[in-house]
Novice: 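The structure's right below; bear with me while I get my questions together.
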Amino acid sequence: MNAPSSSNAEPAAGWAHPRRWLLLLPLLIIPACWIWWWAGAVNPGLQPGRAIQLFTIALGVLPLLWVGRGQPPPTPAAALPLILALSWLGIAQLWNPLPLLGTQFLIERCAALAAALAVAWWCRQHPPDQVLPQATVAGAGWLLIAVLTVGSLGETVMIGRDAPFGNPNFNSYTAIPLLVAGIAMLAALPQRPLLPLLACLAGGLAIVLLGFGLISGDPSRGALLCVAAVALLWAVLRFVGTRWQLAALLALLALGLAAWIAVFAGGVNPARLDWSSAQRIYMWRGAVEALEGPALLTGYGAGSFLSVFTDQPSFTGFWLTLPSWSSHPHSEPLNVLLEGGLPLALLYSWAAWLTLAPLWRARREPAARALLLAWAAAAIGFLIEVQGREPPGLFLVAVLAGWSWAWYPASVSWRFRVPLWAPPLAAALLALAVGSELGGPSGSPTMIHQRAVNRLNALAPKDHAGRVAELQRLRSWMGPLDDLDYGLATELGQLGKVAESEQALLRQLQRLPVYAPAHQLALRLRRAGKASPELNAALETARARAEAWLAKVPENARNAPYRQALVKTLQQPLPARAVPPAREATPLQSAPPEATAPAGAEGTAAGKP
């Protein structure tokens, strides 16, 4: 079934018309940001940009008012593989090393599917030429809010500097596909008195973002890649014959994937890149390293990258480039493989086929072409970010999928029905998850970590038992992070638990050989003759590995203090091994960090706990 052609009917009156709602979308986000800001003041640690969850709840419930009473409308065919994918992720909770985070992310994806179904059901009542042009306003509005909130205005209006979708990456990768869909539809409409002006304003805003660097770094490069992907697909649809379009598109896809794989498979030396690009390559390499063996078939479970990445060789290069930790690999294809292995990748591919194939078959129609171009822009975000994991990306996927399912449903005989209570149930689960974020231990990794740091700072300086308990709880929730084992080593040493302290220090040296405070502590133990043969061997190996990594990773503005502290530590001569005396309950004094830890890519960096 193809989409309705452009309608000449008069627009419906009142605020129920889709134009009115899409025009207000950027402003409707702001009350959610206010709620999040207020909750953050009451309960410090909330991550900016997660207010989009509150809007997703409304998106999953309120459009049901337009569905009406009686039997639910036909459910899009793509819902079946997505339900199976969510079920597989639920099964993967059985072996997930981080079940707390996995449950949170699983609930968010269930709510996103409910929101996509609600959008699809609602949009079935409106032709695309009444809806898609307004996406221009929504996309431009969100980019404008993002630019304004980079400065002090965000604090003035109490929506934060990262509103409405979090960091600039998520703002860019969420808004640009909406802009693309709207502008592409505008270009195909026969009568558009004021809308071309809006398109010009949106284009000018994009030029400001890219050319003047108001949002700099990754978003600018990502935006340029989005524009390139859209331009290539448009060129295929415009200049290549119908018979050869699919072959040309597949060739471009193969070429792009080959270039992307070559970037992190050894074709690009991270030392020649700036720190933001280099750390992304190390994350991609670490994700591939973690997929060896049976993990490729089963995955590790939702949200597991945070724990898995720290055990990979590339984590050292990532940390030395940007001293911090990361909870996702900054690439949705790699994240899918890590979380659910090949079964999850196949199920998502099936859903993508059922969503995109009808658009491709109807590509001569303006709405289908506009949606294809929007998906092309979104695909760049999928490659270099995690659009299917964080609330902003889930919101975008829900909107694009809902539009696609409404106007271009897949023609299959086994389409099934989802009861009307399913979307509200998923939204209720999301509301429960949001409630636990606002007042409980759950939430994003950054929030969990920040709250743990707040509790650690509130403890008395000599409450070492309390610190050990808090660090062990944080480790069970989020894995070893970057310097967590070092924190455990020092606190356990203060309690006289020498054997346990040494084991924690061993883990720290083996996982992260470039962490200077761990070297300093091990050196003091060696000089005092209190280091075991295992610790001596680990220290010698860690020094060799650290020197090798220093030769690979150049100094930058982010790693300079840590790199200099490591160089200074490695310049100290390594004393000869001494036979350790009989073990005594002697407290281990921690080495004071030589640099104040700045905020990293996610959460606070090493040394804070």
Side-chain angles (χ1 to χ4, degrees), residues 263-290 292 305-326 329-330 479-487 489 504-523 526 534-574 591 593-598 600-602 604-608:
V263 165
F264 64 84
V268 173
N269 182 3
R272 297 183 178 181
L273 305 175
D274 63 279
W275 65 266
S276 62
S277 297
Q279 55 95 19
R280 196 173 240 97
I281 290 178
Y282 284 123
M283 283 186 285
W284 293 346
R285 290 179 178 177
V288 174
E289 292 163 357
E292 296 180 354
F305 178 77
L306 180 60
S307 176
V308 172
F309 182 38
T310 55
D311 291 329
Q312 309 310 317
S314 293
F315 177 66
T316 299
F318 161 82
W319 191 91
L320 194 57
T321 302
L322 177 67
S324 179
W325 45 267
S326 178
H330 286 67
L481 297 182
D482 49 359
D483 67 340
L484 218 164
D485 284 323
Y486 170 77
L505 184 57
L506 275 170
R507 292 194 301 267
Q508 183 69 62
L509 289 170
Q510 291 166 354
R511 282 194 313 101
L512 192 59
V514 293
Y515 189 54
H519 282 264
Q520 296 164 10
L521 179 54
L523 274 173
R526 182 171 177 130
E534 293 81 4
L535 182 58
N536 279 319
L539 175 60
E540 293 166 5
T541 302
R543 286 173 70 93
R545 292 175 60 195
E547 290 172 352
W549 274 109
L550 283 173
K552 296 178 183 178
V553 181
E555 186 173 307
N556 60 60
R558 296 298 187 99
N559 70 3
Y562 301 92
R563 199 178 186 281
Q564 293 167 8
L566 179 62
V567 171
K568 183 178 178 181
T569 301
L570 294 178
Q571 288 174 347
Q572 300 178 27
L574 187 64
E594 302 223 5
T596 302
E602 293 191 43
T604 53
K608 287 296 184 184

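Just so it is clear, the model here is predicted, and its values are computed rather than measured. Because only heavy atoms are used, hydrogens play no part in the values below, and waters and symmetry mates are left out as well, while side chains stay in.
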Novice: Let me confirm one number: the OG1-CG distance from T541 to L509, rounded to the nearest 0.5 Å.
Specialist: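 That separation rounds to 9.5 Å.
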
Novice: What is the minimum heavy-atom distance between L322 and R558, and which atoms define it?
Specialist: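 What the structure gives for the nearest pair is CD1-NH1, 3.6 Å.
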
Novice: List the residues meeting side chain to side chain donor-acceptor pair (under 3.5 Å) with S314, not counting sequence neighbours, and say none if there are none.
Specialist: E289

Novice: Which atoms form the tightest heavy-atom contact between W549 and L320, and what is the distance?
Specialist: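 Taking W549 first and L320 second, the nearest heavy atoms are O-CD2, 3.8 Å.
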
Novice: So which atom in Y562 and which in P323 form the shortest heavy-atom distance, rounded to 0.1 Å?
Specialist: CD1-CG, 3.2 Å

Novice: What residue pairs, at least two apart or across chains, pass salt bridge (charged side-chain N to carboxylate O under 4.0 Å, His left out) with a residue in residues 311-326?
Specialist: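 For residues 311-326, and leaving out neighbouring residues, there are no salt bridge (charged side-chain N to carboxylate O under 4.0 Å, His left out) pairs at all.
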
Novice: As an exercise, state the distance from CG of L512 to CG of L484, rounded to the nearest 0.5 Å.
Specialist: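 Answer for the CG-CG pair, L512 versus L484, is 12.0 Å.
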
Novice: Hey, is R526 close enough to E540 for a salt bridge, meaning N to O under 4.0 Å?
Specialist: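 Counted as a salt bridge, because a side-chain N and a carboxylate O are separated by less than 4.0 Å.
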
Novice: For a quick test of reading the model, state the closest non-hydrogen atom pair linking F315 to L481 and the distance between them.
Specialist: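 Looking at all heavy atoms of both residues, the shortest contact is CZ-O, 4.1 Å.
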
Novice: What's the separation between atom NE2 in H330 and atom OH in Y282, rounded to the nearest 0.5 Å?
Specialist: 16.0 Å

Novice: Is the backbone N or O of A546 less than 3.5 Å from a side-chain atom of H519, with the two atoms forming a donor-acceptor pair by type?
Specialist: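 Not at all, since once roles are kept as given, no pair shorter than 3.5 Å links the two residues.
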
Novice: Tell me yes or no: between the side chains of Q520 and T569, is some donor less than 3.5 Å from an acceptor?
Specialist: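 Distance-only check passes for Q520 and T569.
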
Novice: Between E555 and Q564, is there a side-chain donor-acceptor contact under 3.5 Å, judged purely by atom types and distance?
Specialist: yes

Novice: Checking Q510 now: which residues fulfil side chain to side chain donor-acceptor pair (under 3.5 Å) with it, not counting sequence neighbours?
Specialist: none

Novice: To the nearest 0.5 Å, what is the distance between CG on D482 and OG on S326?
Specialist: 11.0 Å

Novice: Closest heavy-atom contact between L506 and E534?
Specialist: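 Residues L506 and E534, closest heavy atoms: CD2-O, 3.6 Å.
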
Novice: Can you check whether L570's main-chain N or O pairs, donor with acceptor, with R543's side chain at less than 3.5 Å?
Specialist: yes

Novice: Where do W325 and F309 land on the ring-ring contact (aromatic ring centres under 6.0 Å, His included) test, with the steps shown first?
Specialist: CA-CA 9 Å; W325 45 267; F309 182 38; over 10 Å; no

